[in-house]
Amino acid sequence: MALIDLIREDVVRVPLAANTKEGIIRELVQTLAAAGKVSDSEAASRAVLDREAKGSTGLEEGVAVPHGKTLAVQSLAVAVGVAPRGVDFEALDGKPSSLFFLILAPPDQSGPHIEALAEIARLCRSKAFCRTLVSSRDAKEVVELFQD
Amino acid sequence: MTKPIRRILAYVDGTEQSVTAAQYAIVLAKSLGAELFALYVVNTRALSELVKAHIFLDSEQEEYHRDLDEDAERYLNHVRNLARSKGVAVTAERSSGAVHQEILAKVREHGIDLLVLGEVSQIRSRRDELYNETERAMRSVACSVLIAKNEDRIAELFEELV
């Protein structure tokens with residue numbers, strides 16, 4: 001399953017309500033749970049928070065890619081969130097993060113997990129694309145930008 | 001007349017769609033009397049990119065590399081078992097590097113006539129970055145490509161195969 005097929009309106013949050021790192025992660029996991037993609041929100045959040053404890057996935061230019069392996073999903077799941085005002089995600093450049101890609105994968109599907117992360121890494125090289133995503137007004141606009 | 005399809009390669013990446021593709025490749029190999037190959041590529045290119053992009057920690061790269069090695073073994077064994085259950089011989093191989101380049105190399109190395117892949121994205125994006133490895137292989141490989149669709153029909157065909 002290609003990344004683009006996973007990004008649908010029900011897994012996109014614009015704007016995110018949370019304003020802390022943990023809150024953002026839990027909100028995005030909850031979004032996936034509401035979309036029927038996560039069976040145990042607490043286990044999934046814990047997997048991502050444990051990974052973040054080893055080192056932040058807050059990159060430069062306001063992008064963060066929190067991810068984790070968990071049995072709480074049956075297949076690769078991706079949520080996208082936008083926080084226009086920015087949230088401290090302990091990013092590499094110390095700046096607030098505004099664009100979040102949360103990825104959950106079952107432990108036996110590392111191939112698709114890695115490929116999805118690599119696709120996001122390639123996308124994030126386009127600063128213009130990321131800026132446009134952050135200025136999206138709603139989930140529909142985000143999905144349209146990916147499918148444009 | 002020369003057989004149009006003598007060697008078939010199924011690319012397996014750990015997705016359900018790729019396992020369906022492998023089943024279809026087994027059905028085709030048996031029906032056409034073709035030689036069957038299966039390939040899993042440990043995507044070390046992506047692992048390196050993720051460390052470079054600071055998405056992965058060094059320790060995470062090692063952990064995921066081990067996971068990918070295990071996945072390769074598991075999925076190739078699964079294909080071996082599927083083929084064996086239908087009396088089809090399969091050469092199952094693992095390689096590592098950039099996925100689409102490894103597929104291209106195997107197609108050349110074995111003189112593959114037909115590459116069988118799992119479903120590609122139904123959404124066409126103008127963004128090249130969103131082409132996944134399966135789609136890259138489909139676009140760049142020199143031989144004919146078959147995209148396995150309709151999982152239920154393929155499962156039926158596989159079950160019917162004696």
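Owing to the predicted nature of the structure, the values given are computational and were not obtained by experimental measurement. Order of the sequence lines sets the chain letters (A, B, ...), proteins ahead of strands, with each chain counted from 1.
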*Any chance you could measure Q109(A), atom CD, to D13(B), atom CG, to the nearest 0.5 Å?*
9.5 Å
_For H110(B), I'd like to know if atom NE2 has over 12 heavy atoms of other residues, nucleotides or ligands within 6.0 Å._
yes
*Looking at L92(A), L117(A), T57(A), V65(A), which one has more heavy-atom pairs under 4.5 Å with chain B than the rest?*
L117(A)
*Under a 4.0 Å N-O cut-off, is there an ion pair linking E63(B) with R51(A)?*
no
*Distance in Å, E115(A) CD paired with T134(B) OG1, rounded so as to fall on 0.5 Å steps*: 6.0 Å
_Which one wins on heavy-atom pair count under 4.5 Å against chain A: V41(B), N43(B), L68(B)?_
L68(B)
_Counting neighbours of CZ on R6(B) that are heavy atoms of other residues, nucleotides or ligands and sit closer than 6.0 Å, is the number greater than 12?_
no
*Side chain from CB out, backbone as N, CA, C, O: work out which of these in I114(A) comes under 4.5 Å of a heavy atom of chain B, or both, or neither.*
both
*Top contributor to chain B contacts, counting heavy-atom pairs under 4.5 Å, from A116(A), A121(A), S110(A)*: S110(A)
*With the threshold set at 4.0 Å, does a side-chain nitrogen-carboxylate oxygen contact exist between E60(B) and K54(A)?*
no
*Could you name the residues of residues 45-58 of chain B that have a heavy atom within less than 4.5 Å of a heavy atom in chain A?*
A46(B), L47(B), E49(B), L50(B), A53(B), H54(B), I55(B), F56(B), L57(B)
*Any side-chain heavy-atom pair of K69(A) and D67(B) under 4.5 Å*: yes
*Does atom CD of E109(B) have more than 12 heavy-atom neighbours, drawn from other residues, nucleotides or ligands, at distances under 6.0 Å?*
yes
*asked:* So for atom OH, which belongs to Y24(B), do other residues, nucleotides or ligands contribute more than 12 heavy atoms lying within a distance under 6.0 Å?
replied: no
